[in-house]
> 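First the structure, which I've put down as structure tokens, then a few questions once you've had a look.
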Amino acid sequence: MNVEEILRKIPAFRSIRLDTVLFESKYPVMFTCRNGEDIYLFICCLVSADKIKWIGTKTNYNTIIRITVTAVEFLVIVGRLFETTVV
């Protein structure tokens with residue numbers, strides 16, 4: 001699957017390029033793209049037998065780092081909760 005070809009069908013993204021895949025399965029689930037100097041974060045929101053959809057937002061690398069750090073901190077807390085309640 002070529003994400004760039006799919007996104008380039010949108011007039012505003014004619015020159016978009018895949019930057020970093022943060023999570024993938026059989027398809028990119030969470031990834032960043034660059035469109036000139038702009039950075040976009042895309043997250044998969046629908047997968048079916050005949051289509052796939054992503055939602056995207058303009059962002060910056062500092063925000064992506066904060067999101068990632070927050071997600072890791074959350075997983076650590078959840079892990080500790082299960083360690084203390086499961087005997």
Side-chain angles (χ1 to χ4, degrees):
M1 168 182 305
N2 190 326
V3 174
E4 290 174 341
E5 286 179 15
I6 294 168
L7 294 174
R8 286 180 181 154
K9 292 177 184 176
I10 302 168
F13 290 149
R14 296 240 188 254
S15 62
I16 202 163
R17 66 178 176 80
L18 186 63
D19 184 34
T20 304
V21 176
L22 302 167
F23 178 73
E24 66 182 336
S25 182
K26 294 179 183 178
Y27 51 87
V29 175
M30 181 184 286
F31 57 93
T32 60
C33 287
R34 294 188 63 98
N35 192 33
E37 294 298 314
D38 296 331
I39 302 164
Y40 291 86
L41 176 64
F42 290 89
I43 300 172
C44 182
C45 63
L46 174 74
V47 177
S48 68
D50 58 339
K51 67 178 155 181
I52 184 167
K53 290 185 178 184
W54 295 279
I55 56 173
T57 186
K58 190 173 176 181
T59 190
N60 59 59
Y61 288 120
N62 288 335
T63 300
I64 294 169
I65 291 167
R66 283 197 323 257
I67 290 169
T68 305
V69 168
T70 302
V72 169
E73 289 170 346
F74 174 77
L75 292 172
V76 168
I77 291 168
V78 169
R80 288 181 184 153
L81 288 173
F82 282 109
E83 287 176 4
T84 59
T85 58
V86 177
V87 179

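Quick caveat: nothing in here was measured; it's all calculated off a predicted structure. Sequence positions, counted from 1, serve as the residue numbers for this chain. These values consider heavy atoms only, across backbone and side chains, with no hydrogens, waters or symmetry-generated copies.
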> What residues, two or more places apart in sequence or in another chain, satisfy salt bridge (charged side-chain N to carboxylate O under 4.0 Å, His left out) together with Asp38?
Lys58

> Who else is in the cluster with Leu46 when I, L, V, M, F, W and Y are joined by side-chain contacts under 4.5 Å?
none

> Between Val29 and Tyr27, is there a side-chain heavy-atom distance shorter than 4.5 Å?
yes

> State whether the side chain of Arg14 and the backbone N or O of Arg8 hold a donor-acceptor pair below 3.5 Å, judged by distance alone.
yes

> What pairs of donor and acceptor atoms, side-chain ones from residues 64-79 against any protein atom, are under 3.5 angstrom apart with sequence neighbours left out?
{"from": "Thr68", "atom 1": "OG1", "to": "Ile64", "atom 2": "O", "distance (Å)": "2.9"}
{"from": "Thr70", "atom 1": "OG1", "to": "Arg66", "atom 2": "O", "distance (Å)": "2.8"}

> Nearest 0.5 Å, what's the CZ-CG distance between Phe31 and Leu7?
5.5 Å

> For Pro28 and Cys44, which heavy atoms make the closest approach, and how far apart are they?
O-CB, 4.3 Å

> Does any part of the side chain of Leu41, heavy atoms only, come nearer than 4.5 Å to the side chain of Leu22, both counted from C-beta?
yes

> Partners of Arg17 by salt bridge (charged side-chain N to carboxylate O under 4.0 Å, His left out), sequence neighbours excluded?
none

> Sequence neighbours left out, what passes ring-ring contact (aromatic ring centres under 6.0 Å, His included) with Tyr40? Give chain and number order.
Phe13

> Test your reading of the model: is there a side-chain donor-acceptor pair from Trp54 to the backbone of Val3, 3.5 Å cut-off?
no

> Check for a donor-acceptor pair, side chain of Thr20 on one end and backbone N or O of Thr32 on the other, with a separation under 3.5 Å.
no

> Looking only at heavy atoms, what is the nearest atom pair of Asn62 and Asn60, with distance?
N-OD1, 3.1 Å

> What are the two closest heavy atoms between Leu18 and Glu4, and how far apart are they?
N-OE2, 2.6 Å

> Can you tell me which residue pairs pass the side-chain hydrogen bond (donor to acceptor under 3.5 Å, both in side chains) test with a partner in residues 41-51, sequence neighbours excluded?
Ser48-Asp50

